Amino acid sequence: MNYKIALIRGDGIGPEVVGEAVKVLDTVGEKFGHTFTYVDVLMGGCATDAVGKSYPDGTAETCKACDAVLLGAVGGPKWGSDKPAEQRPETALLAIRKDLGLYANLRPAALRPAMADACPLKKETAEKGIDLMMVRELTGGIYFGKRDKYQTEDRGLECTDLMAYSEKEIERIGRRAFELARLRRKKVSSVDKANVLETSRLWRSVMHRLAAEYPDVEYEDVLVDNCAMQLVRDPGQFDVVVTENMFGDILSDEASMVTGSIGLLPSASIGDTAPGLYEPIHGSAPDIAGQDKANPIATILSVAMMMRYSFHLPAEAGAIERAVDAVLADGWRTADIAEPGVTPIGTRKMGELICQKLRG
Ligand code: NAD
């Protein structure tokens, strides 16, 4: 098969980590008989430098003409908050998610076996294994609700942020979670604050309706405060965790920390029709950019997610994940994950070793 992939290399370490992911894609292509073709898309601070806008006209259309999008990272101090919105890289990130209709953010938090020592939790907790998928609603809720700021007579300035969710928005993310659970260990934990919030009560009622449609999937409601606690007490109990935008923002960072380094964690943002967008969870790491120090594994594992969720190629996804685990099991580490006394390897060497393992 021939797959067309939009590459947004971006800023900072973005081009370095995407470069290694492309080598892995080419190796998967050779091994499994696929052709991957690439379309470079300019977005982020580099686009501001080149054409004066972080999200040049036509970016969404170019991406929509591809089967998937791979993003390194965008941003950096050079394009800070003093710049007009159209020159800031964050504007481009929000715009592409909106234009591609990417309402579901998938973030796996899996403790790679060779990295168990990097888990900050108790040894017995880490040994039970952690392999959960956080599914966060990405285009609704309080981050997109109406905001207000007004002067009161007696209380000074007052501000409001409105959290709104419709049944339709909840149902589409809920369905994603149940479908994903069917590909995994068949359990959905839906996180809300139904004891306080009206939006959460609606969330819960829609989830219960869906749970009845998926009798093969185990279902539970978890209050958000309890979920935050359970993630550090016993994360192994979770399979798919689905929640609204702000709860998901916070819980997904918490879940990622229990697995060690941010240099290891991939993510996917998907919608119903347009291509999915795959990216590491880390940023552009300007402090180590251009020094061959960045860990490319998060981006390489993002490619594994692309195989599984956009191209429906689970064997190829598994091969990439096993190659990463094998390199880590051999003791190879980039600087961010190197234990004291271990000499770290660079970005390119890590990419090469993963390709070697893939070739077998
Ligand atoms: P960051 O993730 O870029 O870096 C945080 C720390 O982690 C740094 O010390 C960095 O060196 C290290 N790090 C990150 N990725 C690494 C990797 N692959 N290998 C080794 N070490 C790694 O977060 P930040 O410093 O808060 O943000 C830097 C810039 O990235 C900002 O402009 C921010 O807006 C942007 N950002 C972009 C995205 C995105 O493109 N999706 C996401 C987050 C932050």
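In listed order, ligands and their atoms are each counted from 1. Being a predicted model, the structure only gives us computed values, none of them experimental.
- Atoms of ligand 1 found under 4.0 Å from any heavy atom of Glu279 (numbered from 1 in listed order, with element): 41 (N).
- Salt bridge annotation for Asp249-Arg136: present, with a cationic side-chain nitrogen under 4.0 angstrom from a carboxylate oxygen.
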Side chain to side chain contact (heavy atoms under 4.5 Å, CB included) for Tyr309 and Tyr278? Distances and angles first, verdict last.
CA-CA 10 Å; Tyr309 299 118; Tyr278 297 83; 3.6 Å; yes
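- Of the N and O atoms on the side chains of Asp161 and Tyr143, not one donor lies less than 3.5 Å from an acceptor on the other residue.
- By the definition of a contact as any protein heavy atom under 4.0 Å away, atom 1 (P) of ligand 1 is in contact.
- Atoms of ligand 1 lying under 4.0 Å from at least one heavy atom of Glu90, given by number and element, are 34 (O).
- For atom 17 (C) of ligand 1, the nearest protein heavy atom (residue, atom name, distance) is Asn295 N, 3.6 Å.
- Polar contact check, Arg97 against ligand 1: no nitrogen or oxygen pair lies under 3.5 Å apart.
- Close approach to Gly75 involves these atoms of ligand 1, each under 4.0 Å from a residue heavy atom: 32 (O).
- The nearest non-hydrogen atom to atom 16 (C) of ligand 1, considering only Val74, Ile13, Val17, comes from Ile13.
- Residue nearest to atom 21 (N) of ligand 1, selected from Asp287, Ile288, Leu265: Ile288 (by heavy-atom distance).
- Counting only heavy atoms, the protein never gets under 4.0 Å from atom 6 (C) of ligand 1.
- Ring geometry for Phe178 against Tyr214 counts as parallel: the plane angle stays under 30°, on a 0 to 90° scale with 60° as the upper cut.
- Near Gly283, with a cut-off below 4.0 Å to any heavy atom, the atoms of ligand 1 are 1 (P), 2 (O), 3 (O), 30 (O), 36 (N), 37 (C), 38 (C), 42 (C), 43 (C), 44 (C).
- Using a 4.0 Å cut-off to heavy atoms of Gly76, the atoms of ligand 1 that qualify are 32 (O).
- For atom 4 (O) of ligand 1, the nearest non-hydrogen atom from the set Ala285, Ser81, Pro280, Ala92 comes from Ala285.
- A salt bridge links Lys128 to Asp234: at least one charged side-chain nitrogen sits closer than 4.0 Å to a carboxylate oxygen.
- Using a 4.0 Å cut-off between charged nitrogen and carboxylate oxygen, Glu218 and Lys186 do not count as a salt-bridge pair.
- Below 3.5 Å of separation, one finds no N or O of Ala294 facing any N or O of ligand 1.
- Ranking protein heavy atoms by distance to atom 29 (C) of ligand 1, first place goes to Ser284 OG, 3.2 Å.
- Shown here, atom 27 (O) of ligand 1 is out of close reach of the protein: none of its heavy atoms lies under 4.0 Å off.
- For ligand 1, the atoms sitting less than 4.0 Å from at least one non-hydrogen atom of Pro286 are 28 (C), numbered in the order shown with element in parentheses.
- Heavy-atom contacts of Leu93 reach the following atoms of ligand 1: 39 (C), 40 (O), 41 (N) (cutoff under 4.0 Å).
- The nearest protein heavy atom to atom 40 (O) of ligand 1 is closer than 4.0 Å.
- Contacts of Pro15 classified as side chain to side chain contact (heavy atoms under 4.5 Å, CB included), with partners at least two apart in sequence or in another chain: Arg9.
- Applying the salt bridge (charged side-chain N to carboxylate O under 4.0 Å, His left out) criterion to Glu244, with sequence neighbours excluded, gives no partner residue.
- By the criterion of side-chain heavy atoms lying less than 4.5 angstrom apart, applied directly or through intervening Ile, Leu, Val, Met, Phe, Trp or Tyr residues, Leu71 is not grouped with Leu94; the two fall into different hydrophobic clusters.
- Considering backbone and side-chain atoms alike, Ile262 places every N or O at 3.5 Å or more from each N or O of ligand 1.
- Salt-bridge check for Asp131 with Arg184: passed, with a basic side-chain N closer than 4.0 Å to an acidic carboxylate O.
- Hydrophobic clustering (ILVMFWY, side-chain heavy atoms < 4.5 Å, transitive): Leu138 and Phe144 are in distinct clusters.
- Listed by number with element, the atoms of ligand 1 under 4.0 angstrom from any heavy atom of Ala73 are 40 (O).
- Using a 30° and 60° split on the angle between ring planes, Tyr3 and His34 fall in the perpendicular class, above 60°.
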